[in-house]
Amino acid sequence: MNYTIPQNSQVWVNVWAINHDPKIWKDPHAFKPERFLGSNVDFTGHDYEFLPFGGGRRMCPGLPSGVKSLQTLLALLVLEYDWSLPNDEDPAKLDMAEKFGVTLSKEKPLELIFKRRE
Ligand code: HEM
């Protein structure tokens, strides 16, 4: 693509920018997990518009373990506990701003109150 890359350069691919492409995603910076309902976009490295585990030869080898752990943990928390936010905050108004780094985290850590269901 007419770029000159000097020998021995370290190239960083900005996956965050690729995965926030406004040409592909509507409202790309909004936290809307429901955008994936009914979508065929897959997270296993084949659909380049969504690469949470990377792609190609260096993609995450822990994908199966990561996905199963997350599903088990989330299912357990959803089934066994009632969740709420401190001070009766409205979940729809939760600040989902990100803190930029090599990996992304929430700018304000999430605080949740779990009450075990009787
Ligand atoms: C939901 C959980 C996880 C996410 C979202 C995740 C995400 C990622 C991403 C984005 C990469 C970089 C891939 C690339 O350069 O293209 C990576 C690499 C890697 N991940 Fe994960 N990961 C998760 C869980 C795990 C687990 C559970 C393990 C180990 C048990 C693991 C081990 C690794 C290793 C060793 C690499 C480096 C692979 C290499 O450079 O060849 N990950 N992961």
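Numbers for residues simply follow the sequence, beginning at 1.
- Transitive grouping of hydrophobic side chains (ILVMFWY, heavy atoms separated by less than 4.5 Å) keeps Ile113 and Leu94 in distinct clusters.
- Atom OG of residue Ser65 and atom CG of residue Leu70 lie 9.5 Å apart, to the nearest 0.5 angstrom.
- Hydrophobic clustering (ILVMFWY, side-chain heavy atoms < 4.5 Å, transitive): Val78 and Leu85 are in one cluster.
- From Leu77, atom CG reaches atom CZ of Phe114 across 5.0 Å, with rounding to the nearest 0.5 Å.
- The two residues Thr4 and Pro6 come nearest to each other via the heavy atoms O-CD, 3.6 Å.
- With hydrogens and angles ignored, the 3.5 Å screen pairs a side-chain donor or acceptor of Arg117 with a backbone N or O of Tyr81.
- Residues Phe36 and Trp25 place their aromatic rings such that the two centres sit under 6.0 Å apart.
- One N or O on the side chain of Arg35 and one on the backbone of Asp27 form a donor-acceptor pair closer than 3.5 Å.
- Residue Met59 is grouped with residue Val41 when hydrophobic side chains (ILVMFWY) are merged at heavy-atom distances under 4.5 angstrom, including chains of intermediate members.
- Between the side chain of Ser9 and the backbone N or O of Ile5, no donor-acceptor pair lies under 3.5 Å.
- Surrounding OH of Tyr48 are at most 12 heavy atoms belonging to other residues, nucleotides or ligands under 6.0 Å away.
- Atoms CH2 and CG, from Trp83 and Leu112 in turn, are 6.5 Å apart once rounded to the nearest 0.5 Å.
- For Glu111, the CD atom sits in a loose shell: 12 or fewer heavy atoms of surrounding residues, nucleotides or ligands are nearer than 6.0 Å.
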Side-chain donor-acceptor pairs of residues 99-108 under 3.5 Å, sequence neighbours excluded:
unit_1 : atom_1 : unit_2 : atom_2 : d
Lys106 : NZ     : Asp95  : O      : 2.8
Lys106 : NZ     : Lys108 : O      : 2.8
Lys108 : NZ     : Asp95  : OD2    : 3.3

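- Just one residue in the list Asp42, Asn19, Ile24 forms a side chain to side chain contact (heavy atoms under 4.5 Å, CB included) with Asp47, and that residue is Asp42.
- A continuous path of hydrophobic side-chain contacts links Leu110 to Met96 [ILVMFWY only; heavy atoms under 4.5 Å].
- A distance of 10.5 Å separates CZ in Phe50 from OG1 in Thr44, rounded to the nearest 0.5 Å.
- Between Leu51 atom CG and His46 atom NE2 the span is 10.5 Å, to the nearest 0.5 Å.
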